[in-house]
2 protein chains.
Amino acid sequence: MKRAKKKQFHDFIAARGLKSTRQRDMVLDCFLSSDSHLSTEELYMKVRAKNSSIGYATVYRTLKLFAESGIAREIHFGDGQTRYEHVAEGEHHDHLVCTRCGSVQEFENEAIEKLQQEVADQFGFLVETHKMELYGICSKCRK
Amino acid sequence: MKRAKKKQFHDFIAARGLKSTRQRDMVLDCFLSSDSHLSTEELYMKVRAKNSSIGYATVYRTLKLFAESGIAREIHFGDGQTRYEHVAEGEHHDHLVCTRCGSVQEFENEAIEKLQQEVADQFGFLVETHKMELYGICSKCRK
DNA sequence: ATTATCATGATAATCATTTTCAATTGGAGA
DNA sequence: TCTCCAATTGAAAATGATTATCATGATAAT
Ligand SMILES: [Mn+2]
Ligand SMILES: [Mn+2]
Ligand SMILES: [Zn+2]
Ligand SMILES: [Zn+2]
């Protein structure tokens, strides 16, 4: 899957007339080998560990490109920081976010998605994207 | 309903040992007589129209108190600005947000809420709050 | 190799929001 | 009503995340 994501990004880069650089590849490797839902700063720290000369701005810019290329998605959990998650082609999921330990559990529920569509239809609304997040205490933190 | 909200806020102020001020009452009146989902800046402009000497910080601080008192709820639609909506006791709703004109349509769907609870239960997750927003094109903008 | 572009890193600039602080005000008690 | 102190206010500085600027360096097509 990493291979495919890398190709997808490189194809995007090429299609846009952009250039392949050692920094972009470095950020890409760090992103693909990291957990999902990392903040820009967290990613920056990981990249920094590999190459301390990388600039903060480069990480910001590269992450935005990942989102545009479709291999990542920007998410906001209300803590004031932008996070990026891995995107699998044609897949969608929502989140359970623990307000105590910060852990994030992903889930998919076809029934809910269908009901959302019905609601939108009732209002003549054309859905492009949606977000659903349940905030609370995860099972580990409840013990 | 305005009466009740005002009382709720004044009770909150008193219970916390805070003081009732002309500025807070002014912001409260503007908030209660405005549409929901206004950004802090939009509210500030409305208050400013009544009393041009009000400070920006006061509006920020007061809106936070509204949220704490339970008469308002902070919401984020991803445009980088905090918005506040009116809260009716014991009521909950979600949103359809038009990405073209910015209009917001509220809706309630008991079936979805129930399914959300089931999902959380499956993961042993205790839900405290949740948000669900459908982004897309509203019926007016589709015509 | 040459050249036209694009990318990078350092730094300044933005933007929304928060904090600081000196001056003012509210309101409980005398 | 008067006092007094804690709470409040407005202006301005500070903050934190993100973006823009710009001189320098790298990429890749010719
Ligand atoms: Mn996710
Ligand atoms: Mn609402
Ligand atoms: Zn937890
Ligand atoms: Zn619209």
Side-chain angles (χ1 to χ4, degrees), chain A residues 9-31 37-45 47-69 72-84 102, chain B residues 6 9-31 37-69 72-84 102:
Chain A
F9 182 64
H10 284 133
D11 287 351
F12 167 82
I13 285 294
R16 283 267 280 259
L18 303 180
K19 290 168 179 171
S20 178
T21 69
R22 111 178 79 267
Q23 288 89 334
R24 283 175 177 164
D25 285 336
M26 183 164 282
V27 177
L28 181 56
D29 280 333
C30 279
F31 177 69
H37 319 115
L38 260 57
S39 68
T40 305
E41 185 181 12
E42 288 168 334
L43 227 305
Y44 170 67
M45 288 310 186
V47 181
R48 192 86 203 266
K50 300 274 180 262
N51 179 341
S52 62
S53 71
I54 189 121
Y56 217 141
T58 298
V59 176
Y60 267 95
R61 291 185 282 231
T62 306
L63 251 9
K64 277 190 173 297
L65 286 178
F66 290 173
E68 285 186 68
S69 77
R73 182 183 299 124
E74 199 174 298
I75 50 182
H76 300 272
F77 287 151
D79 61 352
Q81 288 187 250
T82 298
R83 292 167 184 285
Y84 287 86
Chain B
K6 287 190 181 184
F9 183 63
H10 285 132
D11 287 350
F12 167 82
I13 285 293
R16 284 266 280 259
L18 304 180
K19 291 170 180 173
S20 179
T21 68
R22 110 178 81 265
Q23 288 90 335
R24 283 175 179 164
D25 285 336
M26 183 163 280
V27 176
L28 180 57
D29 281 334
C30 279
F31 177 69
H37 318 115
L38 261 56
S39 68
T40 305
E41 185 179 13
E42 288 168 334
L43 229 304
Y44 170 67
M45 289 311 186
K46 298 202 71 165
V47 181
R48 192 85 204 268
K50 300 274 180 260
N51 179 341
S52 63
S53 71
I54 189 118
Y56 217 142
T58 298
V59 176
Y60 266 95
R61 290 186 282 230
T62 306
L63 250 9
K64 277 191 173 298
L65 286 178
F66 289 173
E68 285 185 68
S69 76
R73 183 183 298 124
E74 200 173 297
I75 50 181
H76 300 272
F77 287 150
D79 61 351
Q81 287 187 251
T82 298
R83 290 166 185 285
Y84 287 87

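Computed from a prediction, not measured in an experiment: that's the story for all the values here. Note on naming: letters A, B, ... go to the chains in the order of the sequence lines (proteins, then strands), and numbering restarts at 1 for each one.
Distance, A:Met45 CE to D:dA17 P: 11 Å, rounded to whole Å. One can place CZ of B:Arg22 at 10 Å from P of D:dT9, the figure rounded to the nearest angstrom. Distance, B:Arg48 CZ to D:dA11 C1': 12 Å, rounded to whole Å. Rounded to an integer number of Å, the gap from CG of B:Asp79 to C1' of C:dA16 is 11 Å. Distance B:Ile54 CD1 to C:dT25 P: 14 Å, rounded to the nearest Å. At whole-Å resolution of the value, CD in A:Glu74 and P in D:dA17 are 15 Å apart. Atom CG in B:Leu63 sits about 14 Å away from atom C1' in C:dT18, given to the nearest Å. Between the P atom of C:dA16 and the OH atom of B:Tyr84 lies a distance of 14 Å, rounded to the nearest Å.
For the pair A:Ser52 (side chain) and A:Arg48 (backbone), a donor-acceptor distance under 3.5 Å is absent.
With salt bridges taken as basic N to acidic carboxylate O contacts below 4.0 Å, none links B:Asp25 and B:Lys6.
Ranked by how close their nearest DNA chain C nucleotide is to the 5' end, B:Leu18 and A:Ile13 are led by A:Ile13. When each of B:Asn51 and B:Gly17 is assigned the nucleotide of DNA chain D with its nearest heavy atom, B:Gly17 is the one assigned upstream, toward the 5' end. Nearer the 5' end of DNA chain C, as judged by each residue's closest nucleotide, is the contact made by B:Gln81, out of B:Gln81 and B:Thr21.
None of A:Tyr60, A:Tyr56, A:Tyr84 except one satisfies the ring pair (Phe, Tyr, Trp, His ring centres under 6.0 Å) rule with A:Tyr44; the exception is A:Tyr56.
With C:dA16, D:dA26, C:dG9 as the candidates, the nucleotide lying closest to the side chain of B:Tyr60 is C:dA16.
Within the nucleic acid shown, A:Arg61 comes within 4.0 Å of at least one base atom, counting heavy atoms only. Residue-level contact check: B:Glu41 touches neither bases nor backbone, having no heavy atom under 4.0 Å from any strand.
The minimum heavy-atom distance between B:Arg83 and B:Phe77, with the atom names listed, is CD-CD1, 3.8 Å. Across all their heavy atoms, B:Leu43 and B:Val27 have their closest contact at CD1-O, 4.4 Å.
Nucleotide C:dA22 forms a pair with D:dT9, judged by Watson-Crick or G-U wobble geometry with both contacts under 3.5 Å.
Phosphate proximity of C:dT25 to B:Gln23: absent, as no side-chain N or O sits under 4.0 Å from OP1 or OP2. Contact between the side-chain N/O atoms of B:Thr82 and the OP1/OP2 oxygens of C:dT17 is found at a separation under 4.0 Å.
Within 3.5 Å, a donor on the side chain of B:Lys19 pairs with an acceptor on the base of D:dA6, or the reverse.
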